[in-house]
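Report on one structure; see the data block that follows.
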Amino acid sequence: MAPAHLRGALNMMFQLATTLGIFTANMINYGTGKINPWGWRLSLGLAAVPAFLMTVGGFFLPETPNSLIERGLEEKGRRVLEKIRGTHDVDAEFQDMVEASELANSIKHPFRNIMERRNRPQLVMAVFMPTFQILTGINSILFYAPVLFQSMGFGNNASLYSSVMTGAVLASSTLVSIATVDRWGRKVLLIGGGIQMIICQVIVAVILGVKFGNDKQLSKEFSIIVVVIICLFVAAFGWSWGPLGWTVPSEIFPLETRSAGQSITVSVNLFFTFAIAQSFLSLLCSFKFGIFLFFAGWITIMTVFVIVFLPETKGVPIEEMILLWRKHWFWKKVMPPLQVESESRGTGVGMADVREL
């Protein structure tokens, strides 16, 4: 539903809501942790509140123009499009949506279709963007912040307070990306955030490697430095890979494969969330301070990946996203010639292809 020039900022409201939820949950845990012996029951039970709000909100959720058009309700879809754009001059965008819908309805097997050569760039991004998002190590920091801080000498309450602080940093840093993503672009934020996260991970690894071990404990001064650096790491994630790890995959798929592409993105994200959550403590025991270098290595790889393989998607209508891959130095070699793609679609040439021709 978002117009192209605001799509990035509006899409990131998802990440803002998520981070605010994490921060709120941390605050609730901090408060209920002082209630013995049933505080943990209250913490778990309060999760029913957002679940109830989500369920009720679903009844009031409006349909999108794309969804209405795809189900044959073109006039209703046009009225909704005019309403959200605030103008009756929507002919070009509406026609693009109609043609994209016709193409999407002609595809009977979206998961099989997404494997085709012409959809290879989007498939690669749907797999690697959520993979790299988790391999930053952010979930490990958020899940195990109390364990990490406690192992570095913080008390039980102090460690929980530190995790609350990282949650607040994550939520507030998302506002930076909302304000800048549609002006600076996706790649600038991804690359800048990646560099900042690498530096933070390396600094923490060096401090823990030199000043912390089996026979010694971090001094108060170095403990504070570690917490500050971890907060800077969380901030970098919050304005780069946190929201953009969802934004980029959500805006690169044509309507014909969007549902399949989004399913793959979410599945990959949840798989690696599970894998890292289950293995982090074992990795921490084995690598010790080297766990931060492990994640720094992955961040280096994914930053290079963005520089080399990801085109800038800022301000490009979703219906015309296919042109980016055809202009990219690498993906244009992977995608089939235009005439072959049009024949494989079996639906003639779409608006984006006409503009390209």
Side-chain angles (χ1 to χ4, degrees), residues 19 22-23 26 29-30 131-173 176 189-242 245 272-273 275-307:
T19 54
I22 293 172
F23 173 67
N26 284 336
N29 289 339
Y30 181 73
T131 299
F132 288 143
Q133 185 187 49
I134 302 303
L135 288 176
T136 58
I138 186 63
N139 282 357
S140 303
I141 297 297
L142 297 181
F143 290 168
Y144 296 107
V147 177
L148 288 172
F149 292 134
Q150 189 172 349
S151 68
M152 290 185 294
F154 290 78
N156 288 332
N157 290 336
S159 65
L160 189 55
Y161 180 77
S162 298
S163 67
V164 170
M165 183 169 55
T166 58
V169 170
L170 182 61
S172 59
S173 62
V176 176
L189 294 180
L190 287 170
I191 295 169
I195 293 173
Q196 182 174 327
M197 284 189 287
I198 293 169
I199 294 173
C200 291
Q201 294 273 32
V202 171
I203 291 176
V204 172
V206 170
I207 292 176
L208 296 183
V210 174
K211 298 293 184 178
F212 185 62
N214 295 328
D215 57 342
K216 48 189 174 182
Q217 196 173 30
L218 276 182
S219 65
K220 182 179 179 180
E221 292 76 14
F222 278 104
S223 296
I224 293 174
I225 292 174
V226 168
V227 172
V228 171
I229 296 300
I230 288 179
C231 285
L232 290 174
F233 168 83
V234 172
F237 178 86
W239 57 261
S240 61
W241 278 89
F272 277 95
T273 298
I276 293 297
Q278 296 301 312
S279 61
F280 176 75
L281 290 181
S282 298
L283 291 173
L284 180 61
C285 291
S286 300
F287 292 167
K288 296 182 173 60
F289 68 89
I291 188 69
F292 293 96
L293 297 178
F294 171 78
F295 288 124
W298 280 110
I299 299 171
T300 301
I301 293 172
M302 71 193 204
T303 302
V304 173
F305 175 86
V306 168
I307 294 173

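FYI, side chains are in, hydrogens and waters are out, and symmetry mates aren't considered; it's all heavy atoms of this structure. All values derive from a computational prediction rather than experimental measurement.
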Sole residue of Val306, Ile138, Leu135, Leu189 in side-chain contact (heavy atoms from CB on, under 4.5 Å) with Trp241
Val306
Side-chain donor-acceptor pairs of residues 196-205 under 3.5 Å, sequence neighbours excluded:
from   : atom 1 : to     : atom 2 : distance (Å)
Gln196 : NE2    : Leu232 : O      : 2.9
Gln201 : NE2    : Thr136 : O      : 3.2

Kindly compute the distance separating CZ (Phe294) from CD1 (Ile299), expressed to the nearest 0.5 Å.
11.0 Å
Pairs under 3.5 angstrom only: tabulate donor-acceptor contacts from the side chains of residues 276-284 to other protein residues two or more places apart or in another chain.
from   : atom 1 : to     : atom 2 : distance (Å)
Ser279 : OG     : Ala275 : O      : 2.8

How many angstroms lie between CG in Leu170 and OG1 in Thr19, if you round to the nearest 0.5 Å?
5.0 Å
Compare every heavy atom of Gly193 with every heavy atom of Ala236, then report the nearest pair and how far apart it is.
CB-O, 3.8 Å
For Phe23, which residues count as a ring-ring contact (aromatic ring centres under 6.0 Å, His included) partner, sequence neighbours excluded?
none
Which residues share a ring-ring contact (aromatic ring centres under 6.0 Å, His included) with Phe272, sequence neighbours left out:
none
What distance separates Ile191 CD1 from Ile307 CD1, expressed to the nearest 0.5 Å?
4.5 Å
Contact check, side chains of Ile141 and Phe292, non-hydrogen atoms, under 4.5 Å:
yes
Does some side-chain heavy atom of Ile301 sit less than 4.5 Å from a side-chain heavy atom of Phe132?
yes
Please name all residues satisfying side-chain hydrogen bond (donor to acceptor under 3.5 Å, both in side chains) with Gln133, sequence neighbours left out, ordered by chain then number.
Asn269
Partner residues of Val169 under the side chain to side chain contact (heavy atoms under 4.5 Å, CB included) criterion, sequence neighbours left out:
Cys231, Val234, Ala235
Rounded to the nearest 0.5 Å, the CG atom of Leu190 sits from the CH2 atom of Trp239 at a distance of 9.0 Å
